[in-house]
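Encoded as structure tokens, the structure appears first; notes follow it.
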Number of protein chains: 2
Amino acid sequence: MQRAPHSDLPVCVLGLGLIGGSILRALHRAGRTAYGWNRSAAAADDASAAGFDASSDLEATLRRADAGQHVIVLAVPVPALDPVLAAIAENAPNAWLTDAVSVKGDVARRVADAGLTARYAGGHPMAGTAFSGWDATDATLFDGATWVVTADDATPAPAWRLAASVGLDCGAVVVPAGSAEHDAAVARISHSVHVVAEAVAITAESDPAAKQLALTLAASSFRDVTRVAGTAPSLVNAMCEANRDALLDALDDTIAELIAARTELADSGTVRDVTERGYAARRAYDNARRTPVVPVLDGAGWQRALREAGHAGGVVTELPTT
Amino acid sequence: MQRAPHSDLPVCVLGLGLIGGSILRALHRAGRTAYGWNRSAAAADDASAAGFDASSDLEATLRRADAGQHVIVLAVPVPALDPVLAAIAENAPNAWLTDAVSVKGDVARRVADAGLTARYAGGHPMAGTAFSGWDATDATLFDGATWVVTADDATPAPAWRLAASVGLDCGAVVVPAGSAEHDAAVARISHSVHVVAEAVAITAESDPAAKQLALTLAASSFRDVTRVAGTAPSLVNAMCEANRDALLDALDDTIAELIAARTELADSGTVRDVTERGYAARRAYDNARRTPVVPVLDGAGWQRALREAGHAGGVVTELPTT
């Protein structure tokens with residue numbers, strides 16, 4: 001028997017691309033009421049034809065979310081954030097708000113500029129594929145994935161609970177984090193990794209005397225490391241540009257490690273130091289453990305306690321009853 | 001019906017670890033006579049128990065290869081190369097010689113120091129797994145893989161033909177290349193890729209404020225890029241140290257690309273240049289085509305013509321009849 005959803009409140013998904021459309025499908029699978037909007041009528045029609053409740057009328061969709069004080073999930077591309085937030089401020093100021101964008105500090109600032117901080121907790125599902133658009137959507141995309149829900153000092157408890165309920169109903173485990181810590185972490189495990197993959201792909205080609213042979217011989221290690229260089233440049237740019245400061249720090253650290261390895265090899269003929277530390281770091285990742293925690297969503301400083309729980313490897317798999 | 005082997009000459013495999021043991025198994029599968037030697041009696045006994053012709057007596061094994069002018073495949077670790085080459089020079093000067101080591105200039109120099117250049121063509125099967133030892137051997141390890149056979153100016157035609165026959169009988173396609181070009185190419189698609197993966201794994205851990213969260217959130221892009229950082233450091237060191245000069249050039253190019261990306265991001269807030277060129281480079285890899293070529297193994301300058309064919313994407317899948 002299917003378990004009950006983690007909240008009865010209907011969900012309004014704005015943007016029905018890979019992430020937003022998959023959220024709509026996953027919530028439907030979980031038995032939770034959900035409906036969606038997409039700017040292009042074609043995707044909204046496709047979603048409707050597939051049996052989902054979808055519209056291309058933003059104002060009507062937002063008025064519906066406002067009337068029921070539903071929870072809105074922002075899943076539009078970064079360039080569309082500000083106009084959609086303005087529309088929410090005008091037409092759905094009583095709805096709760098979360099998002100599914102891969103940077104959190106930048107979105108929190110835009111939400112604050114729109115005057116919506118008192119209704120908002122940020123979200124970031126750590127899942128995706130190389131494909132995009134409604135045709136690529138998948139109800140199982142988030143199964144077992146991590147889904148960050150931000151707990152900053154200004155985060156309202158009901159917004160955090162509702163954002164977490166969306167992640168859990170999509171099949172993910174929820175990781176509480178501060179926006180700044182989230183952005184620093186993803187700069188190191190995702191954004192800088194994309195930039196490094198681009199540099200590795202370019203390096204394979206940059207010796208004209210060996211370029212064609214390199215492409216002929218490239219095997220699994222090259223294929224794996226450069227796979228994310230096959231992501232559309234516009235998507236990589238949007239992520240990197242929105243997380244500029246944390247990404248600069250991460251790139252500085254990677255560059256420093258490579259220069260140290262180069263120096264070790266030139267001076268002593270070995271790369272022992274970098275390989276031993278790199279091996280240990282990869283083992284730490286392989287051995288990382290997640291500890292289930294029950295979030296406490298009231299009392300002074302609950303946000304800080306929740307951030308610390310996430311910082312220590314805590315994940316939320318159930319919400320306390322209210 | 002199984003096709004006939006690409007040569008009737010028996011093969012003597014020295015070293016029955018992952019690569020050498022898999023060569024023994026693959027040649028047996030192809031119906032080619034092959035026998036092996038391993039320094040530790042335990043692995044030789046395991047190979048014998050599995051039905052293969054294996055010994056831990058090096059001198060006797062080499063005298064057998066010498067008597068029949070068989071082809072020897074050197075598949076021992078780099079530190080064992082010089083003593084085993086000295087034993088070959090003493091006990092099997094009439095055998096033909098190839099190898100399965102991942103650098104080629106360094107091995108060619110050691111072969112020359114042992115006085116064996118007139119019997120030698122270098123080899124490098126581009127296959128492997130994270131495992132090692134006889135227990136990890138697999139007759140299908142090289143199926144469809146590329147297998148470099150070096151064609152330097154001093155390479156004798158019979159040695160090239162026999163080395164290529166071993167690769168083909170193991171199920172691989174043979175790529176002709178000069179030793180220097182091979183080493184430059186693998187520095188860029190393998191050795192530097194390992195060093196970069198180590199640096200990425202270290203970077204994920206190097207911000208103490210986000211370290212644990214980074215490990216919790218790391219998803220497929222991080223897992224793929226750092227996978228080779230899980231290789232035993234001693235193996236990575238042995239590859240990198242033996243290909244020092246080409247690896248320094250490759251690391252310099254990767255570091256320069258990352259610094260350029262960092263500068264672009266700091267100065268203009270975008271990483272458009274590196275992402276567009278990285279995407280194009282990865283597409284070039286995805287679209288690289290291999291063209292079958294028939295090797296011509298006589299006439300002045302046949303080695304150079306063969307190198308140029310490999311440089312242009314040519315691969316050898318059949319040997320001409322003699």
Closest-packed option against chain B by number of heavy-atom pairs under 4.5 Å, given [options]:
options	value
A:Val228, A:Asp245, A:Asp286, A:Ile255	A:Ile255
A:Ala238, A:Ala214, A:Pro233	A:Pro233
A:His311, A:Arg283, A:His182, A:Arg289	A:His311
A:Thr216, A:Thr146, A:Val186	A:Thr216
A:His124, A:Arg290, A:Arg272, A:His194	A:Arg272
A:Asn237, A:Val274, A:Val225, A:Leu251	A:Asn237

For residues [X] and [Y], report the shortest heavy-atom separation together with the two atoms involved.
X	Y	result
B:Ala281	A:Ala201	CB-O, 3.4 Å
A:Tyr285	B:Ala218	CE1-CB, 3.5 Å
A:Tyr279	B:Gly230	CE1-O, 3.2 Å
B:Ser190	A:Ser221	CA-OG, 4.3 Å
B:Leu265	A:Cys240	CD1-O, 4.2 Å
B:Asp207	A:Ala184	OD2-CB, 3.7 Å

Next on the checklist: Within this structure, what is the OG-CD distance for the pair B:Ser268 and A:Glu241, rounded to the nearest 0.5 Å?
Outcome noted: 8.0 Å
When only pairs under 4.5 Å are counted, which of [options] shares the most heavy-atom pairs with chain A?
options	result
B:Ala209, B:Ala219, B:Ala246	B:Ala209
B:Thr231, B:Val236, B:Asp183	B:Thr231
B:Ala199, B:Ala260, B:Ala261	B:Ala199
B:Ala312, B:Ala187, B:Ala127, B:Ala177	B:Ala312
B:Ala256, B:Ala250, B:Gly269	B:Gly269
B:Val193, B:Val173, B:Thr226	B:Thr226

Next on the checklist: Any heavy-atom pair between the side chains of B:Ser206 and A:Glu257 that's under 4.5 Å?
Outcome noted: no
Checklist entry - Is the closest side-chain heavy-atom distance between B:Lys211 and A:Arg188 below 4.5 Å? => result no
Item to check | side chain to side chain contact (heavy atoms under 4.5 Å, CB included), paired with B:Thr203, selected from A:Asp249, A:Thr254, A:Val196 | outcome: A:Thr254
Checklist entry - Which of these passes side chain to side chain contact (heavy atoms under 4.5 Å, CB included) with A:Leu258: B:Val200, B:Asp252, B:Val195, B:Ile259? => result B:Val195
Next on the checklist: With side chain to side chain contact (heavy atoms under 4.5 Å, CB included) as the criterion, how do A:Arg282 and B:Glu205 come out once you've worked through the C-alpha distance, each side chain's angles and the decisive distance to 0.1 Å?
Outcome noted: CA-CA 10 Å; A:Arg282 168 71 194 195; B:Glu205 290 200 329; over 6 Å; no
For [X], is it the side chain, the backbone, both, or neither that has a heavy atom closer than 4.5 Å to a heavy atom of chain B?
X	result
A:Ser234	neither
A:Val175	side chain
A:Val315	side chain

Item to check | B:Ile202 versus chain A, the contacting section by heavy-atom distance below 4.5 Å | outcome: both
Next on the checklist: Quick check on B:Ala288 against chain A: is it the side chain, the backbone, both or neither that has a heavy atom closer than 4.5 Å?
Outcome noted: side chain
Item to check | Donor-acceptor pair, side chain of B:Glu198 and main chain of A:Glu276, under 3.5 angstrom | outcome: no
Checklist entry - Any donor and acceptor pair, going by atom type alone, linking the side chain of B:Arg244 with main-chain N or O of A:Ala266 inside 3.5 Å? => result yes
